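FYI, the numbering just counts along the sequence from 1. This one's a predicted model, so the numbers in the text were calculated from it and none came from an experiment. In listed order, ligands and their atoms are each counted from 1.
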Amino acid sequence: MRIDGKTVVVTGAARGIGRGIAEAFATEGATVVVADLGSLAVNPSADWHYSLSAKNELEAAASEINKRGGTCMAIEVDVSDRASCQNLVERSVEAYGGLDILVNNAGIIQTGPIVDFAESDWDRLFAVNVKGIFLMSQAAIPHLAKNGGVIINIASVAGKRGFAHMGAYCASKFAAIGLTQSMAAELAEFSIRVNAICPGNVDTSMWFDHLSKSKQRQQEYGTDTIEDTFAAVIQDRVPLGREQRPGDMAEAALYLTRANNVTGISLTVAGGFVMN
Ligand code: NAD
């Protein structure tokens, strides 16, 4: 699929990987809807380890794209809520006359031993990381089917192998890959291609506000600061010896959009950390 002139909705686009993907599509000439929680953001439980993005970040993501000459609007969404997903898709179609590409990027993480992992955190992870893809895709499919479309789900290397203390997150990302393959098989007859991207270790809030803060990880690597812990993890895990960036995921998303004969794959972008 050509990208210029197409309309793309990116969820979780106020910051991090989603914002990088939205900016890359705008640069290639697509009309972009950046969608995120905005004023709907509430951190799910008292011991939730990091903040989800705020209204000003969502507005900044859209205005930066417009300032650079792109066409972009921001819409608030909670991807775990059916009505909110429907509203996002309807408003996007109303504003721009159709929908061609959906990037299901919104995601959350919580870690900890399975033996005392909170049931509410398990449910929350599945509501966003799995049901979010289901609800957004359900809302978008009738529009994507009009001219043939593309769905890209942001899964993870944690959807390819298990990691200690990441049971809920890994299970949700394995599910995202399963859903990607099922939808690819089912939606091919409507010329909708469905693929996933599996990022490795990306320098976003998910790492710096949560994963690098893990005391266990700091003890394991003998590090004191978040930055040192992240750098030590990269040196330890990644054959290419460098972290991944949102721009790397954007490159993969542009490829999967253009690659007319590719559907059902889960493309790992991890510097060799995971190789399947
Ligand atoms: P991030 O926390 O910076 O971005 C996630 C965004 O999703 C935030 O802006 C957040 O507000 C939004 N979001 C959360 N819940 C939402 C909801 N219910 N509705 C709408 N938006 C919601 O983290 P990121 O690293 O940019 O993560 C993006 C995606 O990449 C996630 O799916 C994540 O699981 C995946 N991923 C990240 C890494 C990494 O190393 N950072 C690795 C593998 C996969």
Side-chain angles (χ1 to χ4, degrees), residues 9-23 33-44 48-61 74-85 87-88 103-111 123-133 135-136 152-161 163 166 168-177 180 196-212 230 233-234 237-238 243-250 252-253 266-271 273-274:
V9 169
V10 185
T11 67
R15 69 183 188 200
I17 292 172
R19 183 166 174 174
I21 291 173
E23 287 173 355
V33 178
V34 290
D36 209 303
L37 287 164
S39 62
L40 307 173
V42 269
N43 289 316
W48 193 252
H49 290 190
Y50 69 110
S51 294
L52 303 178
S53 63
K55 193 171 187 315
N56 60 341
E57 290 175 278
L58 178 58
E59 285 162 358
I75 299 180
E76 291 186 351
V77 69
D78 177 350
V79 299
S80 66
D81 180 271
R82 172 182 295 280
S84 185
C85 294
N87 173 65
L88 166 59
V103 182
N104 287 311
N105 164 77
I108 55 175
I109 193 165
Q110 177 64 297
T111 52
D123 288 345
R124 183 76 195 158
L125 253 77
F126 271 75
V128 178
N129 296 0
V130 188
K131 193 167 88 168
I133 296 176
L135 292 176
M136 278 304 304
I152 297 170
N153 299 322
I154 307 304
S156 172
V157 288
K160 297 256 171 122
R161 54 163 282 206
F163 295 89
M166 292 181 74
Y169 186 73
C170 287
S172 74
K173 295 299 188 180
F174 270 75
I177 291 175
T180 299
I197 296 171
C198 295
N201 301 280
V202 192
D203 55 348
T204 66
S205 295
M206 193 170 276
W207 256 103
F208 285 106
D209 297 343
H210 180 74
L211 289 165
S212 289
F230 186 65
V233 169
I234 299 302
R237 289 178 165 184
V238 183
E243 79 274 28
Q244 286 73 63
R245 296 263 162 83
D248 298 320
M249 305 311 138
S266 303
L267 178 59
T268 300
V269 183
F273 169 41
V274 168

Atom 36 (N) of ligand 1: nearest protein contact (heavy atom, Å): Tyr169 OH, 3.5 Å

Side chain, backbone, both or neither: Thr204 near ligand 1, heavy atoms under 4.0 Å: side chain

Closest contact, heavy atoms only, Val233 versus Trp207: CG1-CH2, 3.9 Å

Numbered atoms and elements of ligand 1 in range of Asp78, under 4.0 angstrom, heavy atoms: 17 (C), 18 (N), 19 (N)

Sub-3.5 Å N/O-N/O distance, Val202 and ligand 1: yes

Gln244 and ligand 1 - part of the residue with a heavy-atom distance under 4.0 Å: neither

Geometric N/O contact Ser53 with ligand 1, under 3.5 angstrom: yes

Proximal candidate to atom 5 (C) of ligand 1 [heavy atom criterion; set Gly16, Ser51, Gly107]: Gly107

Glu57 to Arg19 - nearest heavy-atom pair and separation: O-NH1, 4.5 Å

Atoms in ligand 1 with a heavy atom of Ser205 nearer than 4.0 Å: 3 (O)

Polar proximity ligand 1 side, Ser80 side, N/O cut 3.5 Å exclusive: no

Element-labelled atoms of ligand 1 that are located less than 4.0 Å from some non-hydrogen atom of Val128: 15 (N), 18 (N)

Heteroatom proximity flag, Ile17 to ligand 1, N/O under 3.5 Å: yes

Residue-ligand contact Lys173/ligand 1, heavy atom below 4.0 Å: yes

Residue, atom name and distance, where the atom is the protein heavy atom closest to atom 14 (C) of ligand 1: Ile108 CG2, 3.6 Å

Option nearest atom 32 (O) of ligand 1 (shortest heavy-atom distance, choices Val157, Asn105, Leu88, Leu37): Asn105

Within-cut-off N or O pair, Asn201 and ligand 1, under 3.5 Å: no

Under-4.0 Å heavy-atom contact with ligand 1, by part of Ala155 that carries it: backbone

Minimum-distance protein heavy atom relative to atom 20 (C) of ligand 1: Val77 O, 3.3 Å

Heavy atom of the protein closest to atom 8 (C) of ligand 1 (residue, atom name, distance): Asp36 OD2, 3.6 Å

Minimum-distance protein heavy atom relative to atom 7 (O) of ligand 1: Gly12 CA, 3.5 Å

Distance from atom 3 (O) of ligand 1 to nearest protein heavy atom, with residue and atom: Arg15 NE, 2.9 Å

Shortest protein contact, atom 27 (O) of ligand 1 (heavy atom only): Met206 CE, 4.0 Å

Heavy-atom nearest neighbour in the protein, as seen from atom 42 (C) of ligand 1, with distance rounded to 0.1 Å: Gly200 O, 3.2 Å

N/O separation below 3.5 Å, Val79 to ligand 1: yes

